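These numbers come from a predicted model, not from an experiment. Counting starts at 1 for both ligands and their atoms, following the listed order. Only heavy atoms go into these numbers, but all of them, side chains included; no hydrogens, no water, no symmetry mates.
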Amino acid sequence: MQPETHALIVIDVQNDFCPGGALAVADGDAVVPVINALIRQFPARVLTQDWHPADHASFAGNHPGAAPFSVVDMPYGPQVLWPAHCVQGTAGAAFHPGLDSDAADLILRKGFRAGIDSYSAFFENDRTTPTGLEGYLRNRGITRVTLTGLATDFCVAWSALDAARLGFAVTVRLDACRAIDLDGSLAAALGRMRDAGVTLEG
Ligand code: VGL
Ligand code: ZN
């Protein structure tokens with residue numbers, strides 16, 4: 001068992017990010033058995049769910065003429081336009097059925113405001129609007145977090161960088177993550193995480 005101060009955070013292990021899903025990550029479902037073997041070793045366990053309204057600004061279909069995976073300027077910065085995914089209440093937004101979601105202490109939903117995306121579990125993409133996760137972890141006395149899930153180069157990396165910036169000791173278990181890897185985004189994310197002092201394991 002890990003010490004009381006150590007939380008496992010499982011990012012977005014949802015059907016739409018797994019093979020057959022709307023924004024499938026190659027081999028995304030391979031993280032499920034790895035996470036299941038880890039989760040009950042942690043005294044604090046958080047699952048996140050990407051949870052978008054159908055009119056979400058990150059969906060290419062909500063920008064007439066825009067191609068999926070193109071980038072637009074939003075008031076809060078550049079935003080990749082994704083295929084519609086993880087729409088609230090749909091099967092695609094549900095956790096992968098094999099994930100041990102019963103083990104979760106907290107399920108945190110993010111990306112629920114139509115006008116702004118939220119890759120990170122800590123802040124929306126303006127990097128300032130909090131999700132509440134920092135307060136939850138601090139209230140429980142958590143000082144160290146291990147991150148797993150999907151996708152390594154977007155929601156996992158943004159969460160890891162924010163956690164490091166907030167002063168948590170951060171480990172990313174790469175064997176329990178899979179990447180989208182859009183135009184070199186995986187290599188860039190790994191470099192940024194290393195530079196921020198994130199421990200990359202597995
Ligand atoms: C994610 C793209 C869009 C992720 C979520 O979970 O990494 N990526 N929404
Ligand atoms: Zn999303």
Side-chain angles (χ1 to χ4, degrees), residues 8-32 35 46-63 66-72 74 76-96 99 101 104 107-127 129 131 133 145 147-163 170 172-174 176-190 192-193 198:
L8 184 73
I9 302 180
V10 179
I11 302 289
D12 300 359
V13 180
Q14 294 166 263
N15 290 322
D16 270 342
F17 296 122
C18 291
L23 180 44
V25 177
D27 211 22
D29 54 344
V31 305
V32 170
I35 292 167
V46 178
L47 306 189
T48 70
Q49 243 176 336
D50 212 35
W51 196 252
H52 300 309
D55 62 347
H56 198 250
S58 78
F59 294 171
N62 293 327
H63 298 256
F69 306 105
S70 63
V71 179
V72 291
M74 300 290 270
Y76 54 83
Q79 171 70 51
V80 178
L81 296 181
W82 305 103
H85 64 277
C86 297
V87 174
Q88 297 170 0
T90 64
F95 291 118
H96 183 286
L99 182 70
S101 57
I107 293 173
L108 181 115
R109 289 171 171 170
K110 61 182 181 63
F112 51 76
R113 287 193 180 88
I116 184 168
D117 209 355
S118 187
Y119 293 154
S120 168
F122 291 93
F123 295 98
E124 297 189 1
N125 282 11
D126 59 3
R127 312 310 293 266
T129 305
T131 63
L133 182 58
V145 295
L147 290 161
T148 60
L150 306 171
T152 319
D153 41 347
F154 287 92
C155 292
V156 175
W158 286 49
S159 299
L161 292 169
D162 281 343
V170 186
V172 171
R173 279 284 301 252
L174 293 173
C177 297
R178 290 295 183 277
I180 293 174
D181 204 10
L182 193 66
D183 297 328
S185 57
L186 177 58
L190 294 174
R192 269 187 222 110
M193 289 193 281
V198 172

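Within the coordination shell of the Zn ion (ligand 2), defined by N, O or S atoms under 2.8 Å, Asp117 is absent. The Zn ion (ligand 2) has His52 among its coordinating residues (N/O/S atom, backbone or side chain, under 2.8 Å).
Taking distance alone, with nitrogen or oxygen atoms compared against 3.5 Å, Leu150 approaches ligand 1 more closely than that limit. No N or O atom of Asp117 sits closer than 3.5 Å to an N or O atom of ligand 1. In terms of polar-atom proximity, Ala151 is counted as a contact of ligand 1, with an N or O under 3.5 Å from an N or O of the ligand.
Nearest to the Zn ion (ligand 2), among the N, O or S atoms that Asp50 has, is OD2. Atom NE2 is the N, O or S atom of His85 at the shortest distance from the Zn ion (ligand 2).
Looking only at distances, a side-chain donor or acceptor of Asn125 sits under 3.5 Å from a matching main-chain atom of Tyr119. With Asp153 contributing its side chain and Ile180 its backbone, the two residues share a donor-acceptor pair below 3.5 Å.
With sequence neighbours excluded, no residue forms a salt bridge (charged side-chain N to carboxylate O under 4.0 Å, His left out) with Asp55.
Taking the six-membered ring where the residue is Trp, His85 and Phe17 present tilted rings, their angle falling between 30° and 60°.
Numbered from 1 in the order shown, with element, the atoms of ligand 1 that lie under 4.0 Å from a heavy atom of Asp50 read 5 (C), 9 (N). Distances below 4.0 Å separate heavy atoms of His85 from the following atoms of ligand 1: 3 (C), 9 (N).
In this structure, atom 2 (C) of ligand 1 lies nearest to the protein heavy atom Trp82 CE2, 3.4 Å. The closest protein non-hydrogen atom to atom 1 (C) of ligand 1 is Cys155 SG, 3.2 Å. Looking only at protein heavy atoms, the nearest one to atom 6 (O) of ligand 1 is Asp12 OD2, 2.7 Å.
For Phe112 against Pro53, the heavy-atom pair with the smallest separation is O-CD, 3.7 Å.
Checked against Val10 for a side-chain contact (heavy atoms from CB on, under 4.5 Å), the options Leu150, Leu147, Thr148, Val46 give a single hit: Thr148. When each of Leu47, Leu23, Thr48 is tested with Asp12 by the rule side-chain contact (heavy atoms from CB on, under 4.5 Å), just one qualifies, namely Thr48.
Judged by the 6.0 Å and 45° rule, Arg127 forms a cation-pi pair with Trp158.
Using a 4.0 Å cut-off between heavy atoms, Ile11 makes no contact with ligand 1 at all.
The closest approach between a heavy atom of Gln14 and any atom of ligand 1 is not below 4.0 Å.
Looking at Asp50 and Gln14, their side chains never bring a donor and an acceptor atom within 3.5 Å of each other.
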